[in-house]
Amino acid sequence: MEAQKPNVATKPAKVADNKKSNVPGIKNAIWVIIACAVVAVCLFIFWFGADMHFDEDGHPQNIWGTIYKGGFIVPVLQTLFLTVIVLSVERFFALNAAKGKGNITKFVASVKKSLTANDIKGAQELCKKQQGTVAAVVAAALKSYEEMDKNTELTKEQKILNLQKAVEEATALEMPSLQQNLPIVATMTTLGTLVGLLGTVMGMIKSFQALAQSGAPDSTELSTGISEALINTAFGIATGAFAVISYNYYTNKIDTLTYAIDEIGFSIVQTFAASH
């Protein structure tokens, strides 16, 4: 008598033929920081420190010369500020591409409508038109949906588990690319403020050194110290504020995409469970 073969669950469907994320963007931010540092140093030396911004006695004649008086901390703060700007612009284009070509809310509603009508092909066509991260996850889930629909070896519970795993794997592939470079922006929030505070303290030290000199205080040294303190304070606050706004804005956009993925992934699994 021939032994009965055990019912072994097949491997879950592949997430996608291409294992690369659909989100574009700068993969190595260290080059951005280096490039911003070079630009900041060049600006500090060749523009802010240009002779035309100072009189014969070395006193600044305009805002550019005053910024130069902020000292060597200024190019450091400018590097941080430029890095935040560049990475914020990079995330803007990356998340716009991740969103796809159409409105996410309308796309989710259309796919759910197609699922309700059991029109899987129609839902797949919507994914091709929409593109982006949410569409990529939905397309991977629908591919798994079709494979589980044709599978005659697995139980209903096994098919649902495989479908859920396909959604989770597709989501896990896309999420790191959505959040890429945002931790650096978040770091600049604190780092910019701290470096600005360091420059402020150094400027105040110079000011008090000028006041501590015997006889009448050197007004040039005193004003230089105050300028260094205030310029660095301004750059530090600007860097921290811009980084906070940028980080919160893009985090909110990522949350919107995540909610859409969770909603439509749940709908796909529930539709499969209800129709099988």
Side-chain angles (χ1 to χ4, degrees), residues 25-26 29-50 52-54 58-96 178-212 217-255:
I26 299 173
I30 186 64
W31 296 111
V32 173
I33 298 175
I34 292 173
C36 290
V38 172
V39 172
V41 171
C42 290
L43 278 174
F44 183 74
I45 296 175
F46 299 111
W47 176 247
F48 299 137
M52 61 181 176
H53 301 313
F54 301 90
H59 297 142
Q61 292 183 317
N62 50 39
I63 186 63
W64 309 119
T66 303
I67 292 176
Y68 183 79
K69 288 295 183 179
F72 72 93
I73 296 292
V74 170
V76 177
L77 287 168
Q78 287 177 331
T79 298
L80 300 180
F81 187 68
L82 290 174
T83 300
V84 172
I85 292 177
V86 172
L87 293 183
S88 297
V89 172
E90 181 266 345
R91 282 295 88 191
F92 175 80
F93 288 108
L95 293 181
N96 271 354
L178 291 177
Q179 298 171 344
Q180 186 172 273
N181 296 328
L182 282 183
I184 297 177
V185 175
T187 302
M188 297 299 178
T189 301
T190 305
L191 189 59
T193 304
L194 291 177
V195 174
L197 181 60
L198 174 62
T200 301
V201 172
M202 293 179 64
M204 295 307 297
I205 290 174
K206 288 185 178 180
S207 297
F208 283 112
Q209 285 177 340
L211 288 173
D218 189 337
S219 60
T220 301
E221 290 294 328
L222 182 61
S223 63
T224 299
I226 294 175
S227 296
E228 181 173 343
L230 296 179
I231 288 298
N232 290 323
T233 301
F235 270 114
I237 292 174
T239 301
F242 192 81
V244 168
I245 294 171
S246 175
Y247 180 79
N248 289 335
Y249 175 75
Y250 291 121
T251 299
N252 183 62
K253 293 193 72 172
I254 291 172
D255 287 342

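Quick caveat, the model's predicted, so the values are computed rather than measured.
Taking every heavy atom of both residues into account, Thr200 and Ala229 meet most closely at OG1-O, 3.3 Å. Scanning all heavy atoms of the two residues, the minimum distance from Leu82 to Val39 falls at CD1-CG1, 4.0 Å. Minimum interatomic distance between Gly192 and Thr239 (heavy atoms only, all atoms of both residues): CA-CG2, 4.0 Å. In terms of heavy atoms, Thr66 sits closest to Ile231 at O-CG1, 3.6 Å.
Residues in residues 179-198 take part in these side-chain hydrogen bond (donor to acceptor under 3.5 Å, both in side chains) pairs, two or more places apart or across chains: Glu90-Asn181.
With sequence neighbours left out, the side chain to side chain donor-acceptor pair (under 3.5 Å) criterion links Asn252 to no other residue. With sequence neighbours excluded, no residue forms a ring-ring contact (aromatic ring centres under 6.0 Å, His included) with Tyr250.
Rounded to the nearest 0.5 Å, atoms CG (Leu197) and OG1 (Thr233) are 7.5 Å apart. Atom-to-atom distance recorded for Leu191:CG and Thr79:OG1 is 10.5 Å, nearest 0.5 angstrom. Between the CG atom in Leu198 and the CG atom in Leu194 there is a gap of 9.0 Å [rounded to 0.5 Å]. Rounded to the nearest 0.5 Å, atoms CD1 (Ile67) and CZ (Phe235) are 4.5 Å apart. One finds the CD1 atom of Ile33 at 5.0 Å from the CD1 atom of Ile184 (value rounded to the nearest 0.5 Å). Residue Tyr247 holds its OH atom at 14.0 Å from CE of Met188, rounded to the nearest 0.5 Å.
Under a 3.5 Å cut-off, the side chain of Asn248 and the backbone N or O of Thr251 do not form any donor-acceptor pair. With hydrogens and angles ignored, the 3.5 Å screen pairs a side-chain donor or acceptor of Asn232 with a backbone N or O of Gly70. Looking at Ser88, its side chain does come within 3.5 Å of a backbone N or O of Val84 through a donor-acceptor pair. In this structure, Arg91 contributes its side chain and Leu178 its backbone to a donor-acceptor pair below 3.5 Å. Using a distance-only test at 3.5 Å, with no hydrogens or angles considered, a donor-acceptor pair links the side chain of His53 to the main chain of Trp47.
Ring pair Tyr68/Phe54 is perpendicular by interplanar angle, where above 60° counts as perpendicular and below 30° as parallel.
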